[in-house]
Amino acid sequence: TSTARPIFRALRGNHGLPVVKPPSGSCASHGIGVRAPSRDKVSGQLLAYTQRGVGTQLGASMTALLSDAAVGFVEWSGGRDQLPATTPRVEPGRRNANRLATGVTYTTAARLSLTAEVEYNGFAADRGAFARLGSVGPLGVETYLVDAQRRQDNASRKAYLLYATQQGGLGKNIDVTGLIRVNGDDHSRLAWIEIRHHWPKLDLALQWQHAGGRAISEYGVLPERQI
């Protein structure tokens with residue numbers, strides 16, 4: 001992740017992690033990627049990854065220059081992967097599912113960059129599974145979220161994200177970055193803002209983070225709702 005997004009993996013590729021992600025662990029694994037040549041402002045990539053004892057995933061990504069200021073992107077992966085740990089375990093340890101992310105980045109002449117993204121993770125707990133986790137109290141949800149974070153995977157089945165950065169937003173050497181992420185199932189949300197001052201040999205950053213939602217939700221369960 002870039003220094004502008006230190007709190008969690010929010011976006012993919014140039015917007016975060018690759019689609020086909022090597023799961024953590026010591027099992028033997030193999031991966032291969034093929035990048036297609038750019039044609040008419042469109043570029044793409046095909047990926048394949050396999051891990052012994054887990055299965056194989058295939059993936060594809062594409063970016064397209066929509067205008068002089070807008071870039072669209074879509075990323076997909078599908079196959080067999082591990083599920084995050086739950087307490088109690090509400091689903092099998094492995095299954096076949098899909099991941100998808102798509103969105104648009106728009107950059108203005110004033111160096112303001114806005115990214116809107118929609119995410120789907122078929123390996124994450126859906127609304128019913130999340131409710132069963134919450135039936136045993138916050139510990140069930142916390143165990144699930146910690147394991148998803150350890151695996152660098154999205155914990156929400158559906159999510160919506162808006163990310164903005166303004167270079168020189170408050171002055172020549174001051175950048176402003178902000179992010180809002182909403183869980184599409186429980187509607188909990190995370191907001192984060194950073195103001196960063198650059199000097200030749202030193203950066204100084206001020207960050208604010210706020211999480212909101214019901215007590216048993218992805219962001220509402222966080223012990224520190226505001227930092």
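Quick caveat, the model's predicted, so the values are computed rather than measured.
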Determine whether a donor-acceptor pair (N or O, by modelled atom type, separation under 3.5 Å) exists between the side chain of [X] and the backbone of [Y].
| X | Y | value |
| --- | --- | --- |
| Asp186 | Arg214 | no |
| Tyr144 | Ala155 | yes |
| Asn154 | Asn121 | no |

How many angstroms lie between [atom1] in [X] and [atom2] in [Y], if you round to the nearest 0.5 Å?
| X | Y | atom1 | atom2 | result |
| --- | --- | --- | --- | --- |
| Met62 | Gln45 | CE | CD | 13.0 Å |
| Leu179 | Leu190 | CG | CG | 7.0 Å |
| His197 | Ile174 | NE2 | CD1 | 4.5 Å |

Contacts of His187 that satisfy ring-ring contact (aromatic ring centres under 6.0 Å, His included) - sequence neighbours left out: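 If we apply the ring-ring contact (aromatic ring centres under 6.0 Å, His included) test to His187, skipping adjacent residues, there are no hits.
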Counterpart residues, side-chain contact (heavy atoms from CB on, under 4.5 Å), relative to [X] (two or more places apart):
| X | answer |
| --- | --- |
| Ala205 | Glu194, Arg196 |
| Asn96 | Arg80 |
| Arg111 | Gln166, Gln167 |
| Ala159 | Glu119, Ser156, Arg181 |

Looking at every non-hydrogen atom in both residues, tell me the closest pair between [X] and [Y] and how far apart they are.
| X | Y | result |
| --- | --- | --- |
| Trp192 | Gln209 | CD1-CB, 4.2 Å |
| Val221 | Glu218 | CG1-O, 3.6 Å |
| Ser217 | Gly220 | OG-N, 3.0 Å |
| Asp175 | Gly168 | OD1-N, 3.0 Å |
| Ala101 | Glu117 | CB-OE2, 3.6 Å |
| Arg127 | Gly184 | NH2-O, 4.3 Å |

Steps toward side-chain contact (heavy atoms from CB on, under 4.5 Å) verdict (Phe73, Thr115): CA-CA 10 Å; Phe73 59 91; Thr115 297; 4.1 Å; yes
Chi angles and distances behind the side-chain contact (heavy atoms from CB on, under 4.5 Å) call for Arg99, Tyr120: CA-CA 6 Å; Arg99 294 182 177 94; Tyr120 171 81; over 6 Å; no
Salt bridge (charged side-chain N to carboxylate O under 4.0 Å, His left out): pairs with one or both residues in residues 42-51, sequence neighbours excluded: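 Matches after skipping sequence neighbours: none remain.
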Qualifying salt bridge (charged side-chain N to carboxylate O under 4.0 Å, His left out) pairs with a residue from residues 56-73, counting only residues at least two apart or across chains: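 Every candidate salt bridge (charged side-chain N to carboxylate O under 4.0 Å, His left out) pair involving residues 56-73 fails, so no pair, neighbours aside, qualifies.
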Test log, rule side-chain contact (heavy atoms from CB on, under 4.5 Å), inputs Thr105 and Tyr163: CA-CA 9 Å; Thr105 297; Tyr163 174 78; over 6 Å; no
Distance-only polar pair, side chains of Ser113 and Thr165, donor-acceptor under 3.5 Å: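 No - no donor-acceptor pair under 3.5 Å links their side chains.
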Residues Trp76, Asn98; criterion side-chain hydrogen bond (donor to acceptor under 3.5 Å, both in side chains); working and verdict: CA-CA 7 Å; Trp76 164 86; Asn98 296 282; 2.9 Å; yes
side-chain hydrogen bond (donor to acceptor under 3.5 Å, both in side chains) partners of Thr56, counting only residues at least two apart: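 For Thr56, the residues satisfying side-chain hydrogen bond (donor to acceptor under 3.5 Å, both in side chains) (neighbours in sequence not counted) are Thr50.
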side-chain hydrogen bond (donor to acceptor under 3.5 Å, both in side chains) involving Asp185 - partner list, sequence neighbours excluded: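 So Asp185 forms no side-chain hydrogen bond (donor to acceptor under 3.5 Å, both in side chains) with any residue.
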From CA spacing to verdict: side-chain contact (heavy atoms from CB on, under 4.5 Å), Phe130, Val141: CA-CA 7 Å; Phe130 211 88; Val141 177; 3.6 Å; yes
Mind checking who shares a hydrophobic cluster with [X], ILVMFWY linked at side-chain heavy-atom distances under 4.5 Å?
| X | result |
| --- | --- |
| Val104 | Leu66 |
| Leu162 | none |
| Leu112 | Leu114 |

Residue pair Leu100 / Val74, side-chain heavy-atom distance below 4.5 Å: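 SC-SC contact between Leu100 and Val74 confirmed.
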